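Fair warning: this is a prediction, and the values are worked out from it, not measured in the lab.
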Amino acid sequence: MKSIIPLLTLWQSVPSESENKEETISQSDRENIYTLIQELADQTKAFALSYHFKDVRRCFMVAEDLLQHSDAQIRSAVSNVYLYSLSTLLDENNSLSSVLRSLLLPQLRKGYYEQLRTSLP
């Protein structure tokens, strides 16, 4: 199983809204962020499917913190890439999905429900 250490490093390196805006993230770094967020989603799914819920919770905490303390583009990436990738697990009607939905933190839950609302006819 892969480690989430590189993602935790990413999480710590992302400038918060309160930090100096002169320290902007370059375009290549932003593309790398999309890749890392997809990797975080893949790792979260792997942890969930192997019932490692402590690790799922840690991944959710990273994504939640990115939603709360990063710029609009990173928040959008988390909402669009991370939550969309996890929606296949979250949308099922089984015990694993129920557990995962119960582990969602407030901002992730809000983003997930917004996705559900926009996908309804």
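Annotation: side chain of E114 is in contact with side chain of R117 (closest heavy-atom distance under 4.5 Å).
Closest approach of T88 and K45 over heavy atoms only: OG1-CD, 4.4 Å. Taking each heavy atom of V81 and Q38 in turn, the nearest pair found is CG1-OE1, 3.3 Å. A48 approaches L89 most closely through the heavy-atom pair CB-CD1, 4.1 Å. Taking each heavy atom of R101 and R109 in turn, the nearest pair found is O-NH2, 2.9 Å. Contact record, L116 with S119: O-OG, 2.9 Å, taken as the closest heavy-atom pair.
In this structure, T44 OG1 and L49 CG are separated by 10.5 Å, a value rounded to the nearest 0.5 Å. For the atom pair CD of E92 and OG of S87, the computed distance is 10.0 Å after rounding to the nearest 0.5 Å. From L108, atom CG reaches atom CG of L86 across 8.5 Å, with rounding to the nearest 0.5 Å. Distance check: L66 CG to D71 CG gives 10.0 Å after rounding to the nearest 0.5 Å. One finds the CG atom of L105 at 15.0 Å from the OH atom of Y112 (value rounded to the nearest 0.5 Å). Summarising the geometry, atom CZ belonging to R58 is positioned 10.0 Å from atom CD belonging to Q43; distances are rounded to the nearest 0.5 Å.
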Could you please spell out the steps behind the side-chain contact (heavy atoms from CB on, under 4.5 Å) verdict for F47 and R57? CA-CA 10 Å; F47 289 142; R57 181 71 171 185; over 6 Å; no
Please assess L67 against Y82 for the test side-chain contact (heavy atoms from CB on, under 4.5 Å), listing each intermediate value before the final yes or no. CA-CA 11 Å; L67 280 174; Y82 187 74; over 6 Å; no
Criterion side-chain contact (heavy atoms from CB on, under 4.5 Å) on L100 and F53, from CA distance to verdict: CA-CA 8 Å; L100 293 177; F53 296 117; 4.3 Å; yes
Evaluate the criterion side-chain contact (heavy atoms from CB on, under 4.5 Å) for residue pair Q73 and S76; output intermediate values, then yes/no. CA-CA 5 Å; Q73 187 172 5; S76 175; 5.6 Å; no
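Residues Y84 and Y113 do not share a hydrophobic cluster, defined by chaining ILVMFWY side chains whose heavy atoms lie under 4.5 Å apart.
A distance-only check finds no donor-acceptor pair linking the side chain of Q107 to the backbone of A63 [under 3.5 Å]. The backbone N or O of Q68 lies less than 3.5 Å from no partner atom in the side chain of R75, so there is not a single donor-acceptor pair.
Side-chain N/O atoms of S97 and N94 include a donor and acceptor closer than 3.5 Å.
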